[in-house]
Amino acid sequence: MGVVVLGSINLDLTTYVPRLPAPGETLFGTSFITVPGGKGFNQAVAAGRLGATTRFIGRIGDDGFGKEVQSLIAREPVDVSGIAVDPASSTALAVISVDERAENAIIVISGANMAHDMAEVARCEAALADASVLMLQMESPLTISLAAARVARAKGATVLFDPAPATPLPDEAYQLANLMTPNEIETEILVGFRPANVVEAEQAAVILRQRGLETAVIKLGSQGVYYQSANDEGFVPPFAVNAIDTVAAGDAFNGGVAVALSEKRPLAEAIRWGAAAGALATTKPGASSSMPTRAEMLALLDNGS
Ligand code: RIB
């Protein structure tokens with residue numbers, strides 16, 4: 001059973017710098033890469049490379065950046081026939097800096113991503129005919145994502161909602177999502193405090209579940225991942241890797257979780273798959289370019305901590 005991803009696709013313009021610049025400061029960078037990104041497309045590449053039949057639904061502009069994106073994504077194991085070319089919008093861009101500690105700062109110009117309308121929901125509905133997981137994020141209009149979530153739930157699919165970048169959400173979002181996967185910063189925006197440890201992550205999960213969410217998955221960065229549903233709860237410690245670039249690690253995490261769920265694996269195993277995929281994404285440069293293969297993920301699961 002496959003995975004459908006509805007969401008953003010960006011061209012990522014990524015600079016590597018010794019440290020992130022201060023306001024008003026000019027810095028020399030060390031290198032620059034251009035890769036396809038966007039939380040939606042990164043999650044689709046993660047799911048595809050990790051072994052799921054994956055379809056991506058999104059929108060780009062009819063411009064030079066769009067043509068560059070199209071040529072770069074052709075090699076990925078993702079069905080991209082659900083990408084519409086919108087002559088009225090520009091292709092989305094992300095301007096990214098990554099420092100020597102592997103931390104990043106990202107500015108997104110949303111362009112065509114925020115022009116999604118019910119046409120994306122219709123393409124999503126068609127793609128869900130033979131898929132069991134729908135992945136959503138928040139770089140495209142929430143109303144359209146929620147419409148797609150309603151369709152997915154009606155078809156019996158699992159909705160994996162990544163509330164990134166976060167804004168406060170209506171209760172319906174918690175009721176439509178089967179799982180949400182906020183990191184610490186996103187959790188703070190959703191519940192009002194930033195979980196600093198597992199005990200606080202548990203408190204945040206309880207609040208999210210009181211709003212109607214089935215399964216809360218709180219990513220604590222280098223501290224690991226806490227998850228809680230009605231029948232299950234647990235903590236997955238981080239995998240030890242040599243991190244060079246943390247861009248899209250959260251997207252890889254979601255990809256791992258989605259693929260495991262599409263294979264009907266238990267929640268605890270799905271979270272471990274996500275944690276392993278997320279860790280591996282930090283070991284390579286770029287966004288979609290850093291997504292691990294299934295063989296790489298299984299090797300880390302077998303040999304990692
Ligand atoms: O999650 C990482 C992604 O955030 C980047 O690929 C960038 O495009 C932004 O959407």
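Note that the structure is predicted; figures quoted are calculated from it, not measured. Positions are given from 1, in the same order as the sequence printed here. As the structure lists them, so they are numbered: ligands from 1, and atoms in each ligand from 1.
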Where is the tightest heavy-atom contact between Ile218 and Pro195, given as atom of each residue plus distance? CG2-CG, 4.0 Å
Residues in contact with ligand 1, criterion: heavy atom under 4.0 Å: Asn10, Asp12, Gly37, Gly38, Lys39, Asn42, Ala94, Ile106, Val108, Glu139, Ala248, Asp251, Ala287
Do the side chains of Arg55 and Asp130 get close enough for a salt bridge, i.e. N-O under 4.0 angstrom? yes
Donor-acceptor under 3.5 Å (Glu263 side chain, Ala260 main chain): no
Least distance between heavy atoms, Lys219 atom then Asp162 atom: NZ-OD1, 4.0 Å
How far does CZ of Arg49 sit from CG of Leu280, to the nearest 0.5 angstrom? 12.0 Å
Okay, side chain of Glu25, backbone of Ala22: is any donor-acceptor separation there less than 3.5 Å? yes
